[in-house]
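Residue numbers begin at 1 in each chain, while the letters A, B, ... track the order of the sequences. We use all heavy atoms of the structure for the numbers below, so side chains are in, but hydrogens, waters and symmetry mates are not. Bear in mind the structure is a predicted one, so any value in this text is a computation, not a measurement.
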Number of protein chains: 2
Amino acid sequence: MKEKREDRRISRTRRLMHEALMTLIEEKGYEAITVQDILDRADVGRSTFYAHYRDKDELLLSSFEHLRTLFEQQQQALFDSRRTGAEPEVHFILELFRHTGQHHKLYKAIAGKQSGEMILKYFNRYLYTMLIGPLTELNRNKKSMPVPIEITTHHLVSTLLSLMTWWLDNNMPYSAERMDEIFRILSTPVIETAFGRKVQKSEYESIAGEHLPGSVKAFYSLFVDSGCCPDK
Amino acid sequence: MKEKREDRRISRTRRLMHEALMTLIEEKGYEAITVQDILDRADVGRSTFYAHYRDKDELLLSSFEHLRTLFEQQQQALFDSRRTGAEPEVHFILELFRHTGQHHKLYKAIAGKQSGEMILKYFNRYLYTMLIGPLTELNRNKKSMPVPIEITTHHLVSTLLSLMTWWLDNNMPYSAERMDEIFRILSTPVIETAFGRKVQKSEYESIAGEHLPGSVKAFYSLFVDSGCCPDK
DNA sequence: TCTTTTTTTGAACACAATGTTCAGTAATGA
DNA sequence: TCATTACTGAACATTGTGTTCAAAAAAAGA
């Protein structure tokens with residue numbers, strides 16, 4: 001059942017290099033790290049590094065890919081359990097803040113002041129691609145909106161990312177739950193005015209069909225379960 | 001009256017290096033440029049470059065500083081003329097989009113996909129510092145808000161910057177006026193919900209006193225003259 | 001104009017980091 | 001046990017950085 005096991009040396013070497021990268025980022029920031037630093041810390045040969053990764057960036061990227069897969073699997077599992085009735089609701093943004101908080105060292109490396117912009121761009125593109133389709137769908141057969149859909153999407157993504165980086169850069173002074181709430185407060189009225197009308201819960205749900213990947217489906221819960229905007 | 005004139009050679013050398021940097025950014029993107037590229041293009045000696053700037057970043061930064069000064073002077077002039085009654089209203093954001101559009105080559109170098117993140121961070125800090133004081137002032141002696149003031153400020157800044165970069169990266173498909181309108185549509189409802197209440201026009205105006213620099217004063221017009229959110 | 005001051009030049013240099021190569025060694029899995 | 005695969009480490013070519021200095025050129029000042 002399990003696909004062919006990876007050579008133990010490979011996983012060991014990769015793990016060592018990832019760990020080295022993480023501690024080095026904490027110490028001096030991503031930009032300042034040289035390949036030699038990583039080699040010294042991980043205690044592996046120079047040629048070994050280049051046998052695995054083309055450069056520093058690819059090493060960081062692979063850490064991120066790994067984490068993203070992990071998160072998507074978790075989201076899929078949550079979504080499946082929701083279908084069976086165990087969990088009432090999935091909160092994508094909240095889960096994202098929780099997940100980020102759990103792995104905050106890596107995410108700080110990825111998205112914090114100390115990091116390069118490279119992965120932020122990657123992340124940006126990832127979220128944008130995830131959102132643009134469904135949001136467009138949401139407006140199918142509707143009249144033109146006050147704000148172009150690409151801009152609204154771009155805006156939502158950058159709102160989330162800027163909250164995320166702020167949170168990490170300031171050492172997470174609020175809980176994931178509070179950040180999730182803040183995101184709702186900031187984004188919900190925007191969605192309404194950008195679309196030029198209230199968007200009904202049922203509309204989101206009708207789109208979150210069977211064909212979408214788990215994490216995308218989960219994203220809808222962002223809009224679906226409101227409970228935002230106190231004392232209004 | 002005029003302060004001592006700068007040596008003609010100095011301005012010439014600097015101009016050549018700036019022009020070289022700009023065309024090179026267009027050609028291959030900021031990151032890919034080496035100091036040698038700049039020297040070849042500008043046709044100046046290596047030691048000359050280092051006599052003027054510590055590195056590539058400092059050269060780009062000085063372009064930006066120059067433009068910022070220019071913009072602030074223009075804003076100050078506009079604000080002064082407003083006081084004399086000639087111009088009814090100053091629209092900071094609109095002026096910023098116009099100014100950016102006029103110098104879009106440089107701003108694209110500064111804020112576009114091709115550029116480094118360095119100046120975006122600088123810009124971010126600049127706008128944040130400009131906004132945080134007045135916004136805090138605005139809420140003096142008021143009860144706690146649904147969203148912490150630092151986050152609201154951070155959010156407004158990142159909204160503006162993300163609109164700006166989107167605009168530049170997509171070759172300015174809309175007019176500065178339209179972008180200004182979009183910014184209002186996206187930010188106005190956020191300000192209201194983040195503050196937990198409507199903020200009166202008079203409140204903004206009472207803060208925009210004599211002691212604030214021109215561009216900051218002008219910033220208030222962002223809130224002061226509404227006219228946003230059509231068909232609501 | 002002549003003199004003084006300032007700027008530019010270009011080549012040489014030390015240095016730091018990258019990424020490749022390859023023969024030798026060690027660990028692994030079957 | 002043994003074929004396979006991965007790691008090693010030192011050497012090497014390459015690219016880019018930033019400094020130095022004496023000579024040449026240009027500008028400013030009188």
Side-chain angles (χ1 to χ4, degrees), chain A residues 1-25 27-63 66 109 114-119, chain B residues 1-25 27-63 66 109 114-119:
Chain A
M1 192 76 3
K2 201 171 284 177
E3 68 266 33
K4 197 182 277 159
R5 191 154 193 80
E6 200 180 41
D7 192 312
R8 209 186 302 142
R9 286 169 296 179
I10 293 183
S11 16
R12 179 180 160 279
T13 303
R14 294 209 166 137
R15 182 176 48 75
L16 284 174
M17 292 200 284
H18 279 113
E19 286 169 3
L21 181 65
M22 288 308 107
T23 60
L24 283 166
I25 284 173
E27 280 175 33
K28 45 154 79 177
Y30 180 73
E31 309 291 359
I33 297 173
T34 70
V35 173
Q36 193 59 52
D37 290 334
I38 300 169
L39 305 182
D40 292 345
R41 185 65 57 96
D43 199 28
V44 295
R46 184 164 198 77
S47 37
T48 308
F49 178 92
Y50 287 105
H52 288 272
Y53 306 102
R54 202 176 337 102
D55 50 32
K56 215 175 54 160
D57 288 1
E58 201 171 286
L59 173 60
L60 181 59
L61 205 77
S62 89
S63 293
H66 177 257
Q114 286 270 74
S115 91
E117 63 180 343
M118 177 194 53
I119 303 248
Chain B
M1 194 72 13
K2 200 171 286 180
E3 68 269 30
K4 196 181 277 160
R5 190 155 196 79
E6 198 180 41
D7 192 312
R8 209 186 302 141
R9 287 168 296 179
I10 292 183
S11 18
R12 180 181 159 280
T13 303
R14 294 209 166 138
R15 182 177 47 75
L16 284 173
M17 292 201 285
H18 279 113
E19 287 169 1
L21 181 64
M22 288 307 107
T23 61
L24 284 166
I25 285 173
E27 279 175 33
K28 44 154 79 181
Y30 180 73
E31 309 292 359
I33 297 173
T34 70
V35 173
Q36 193 59 52
D37 290 333
I38 301 169
L39 305 182
D40 292 345
R41 184 65 57 97
D43 198 29
V44 296
R46 183 164 197 75
S47 36
T48 310
F49 178 92
Y50 287 106
H52 288 271
Y53 306 102
R54 203 175 337 101
D55 50 32
K56 216 176 48 160
D57 288 2
E58 201 171 286
L59 174 59
L60 180 58
L61 205 78
S62 89
S63 293
H66 177 256
Q114 285 271 74
S115 89
E117 62 181 343
M118 177 195 53
I119 303 248

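Rounded to an integer number of Å, the gap from CD of B:Gln36 to P of D:dT15 is 12 Å. Residue B:Leu24 contributes atom CG, which lies 13 Å from atom P of D:dG16 at whole-angstrom precision. Atom-to-atom, OH of B:Tyr53 to P of C:dT7 comes out at 14 Å; the value is rounded to the nearest Å. Between A:Arg12 atom CZ and D:dT5 atom C1' the separation is 15 Å, expressed in whole Å. Atom-to-atom, CZ of B:Arg46 to P of D:dT15 comes out at 14 Å; the value is rounded to the nearest Å. Here the P atom of nucleotide C:dT20 and the NE2 atom of A:His52 are 15 Å apart, to the nearest Å. What separates CD of B:Glu31 from P of C:dT18 is a distance of 15 Å, to the nearest Å. When rounded to the nearest whole Å, the span between CG of B:Asp55 and P of D:dG16 equals 16 Å.
Remark: the backbone N or O of A:Asp37 is not paired with any side-chain donor or acceptor of A:Asp40 at under 3.5 angstrom. Using modelled atom types, one side-chain atom of A:Tyr30 and one backbone atom of A:Asp57 make a donor-acceptor pair closer than 3.5 Å.
Within 4.0 Å of A:Thr34, counting heavy atoms only, lie sugar-phosphate atoms of the nucleic acid but no base atom.
The base of D:dA27 lies outside donor-acceptor range of the side chain of B:Arg9, with no N or O pair under 3.5 Å.
The side-chain contact (heavy atoms from CB on, under 4.5 Å) with A:Arg15 is formed by just one residue from the set A:His18, A:Met17, A:Arg12; it is A:Arg12.
Looking at which nucleotide of DNA chain D each of B:Phe49 and B:Arg8 is closest to, the 5′-most match is held by B:Phe49. Mapping B:Ile33 and A:Ile10 onto DNA chain D via the closest heavy atom, the residue that lands nearer the 5' end is A:Ile10. Summary of the strand contacts: A:Ala32 and A:Ser47 both lie near DNA chain C, and taking for each the nucleotide with the nearest heavy atom, the more 5' one is attributed to A:Ala32.
Within a 6.0 Å sphere centred on NE2 of B:His66, heavy atoms belonging to other residues, nucleotides or ligands number 12 at most.
Comparing atom distances between the B:Thr13 side chain and each of D:dT8, C:dT8, D:dT17 picks out C:dT8 as nearest.
Closest approach of B:Glu31 to B:Lys56, counting heavy atoms only: O-NZ, 3.4 Å.
Side-chain nitrogen and oxygen atoms of A:Tyr50 include at least one within less than 4.0 Å of the OP1 or OP2 phosphate oxygen of C:dG19.
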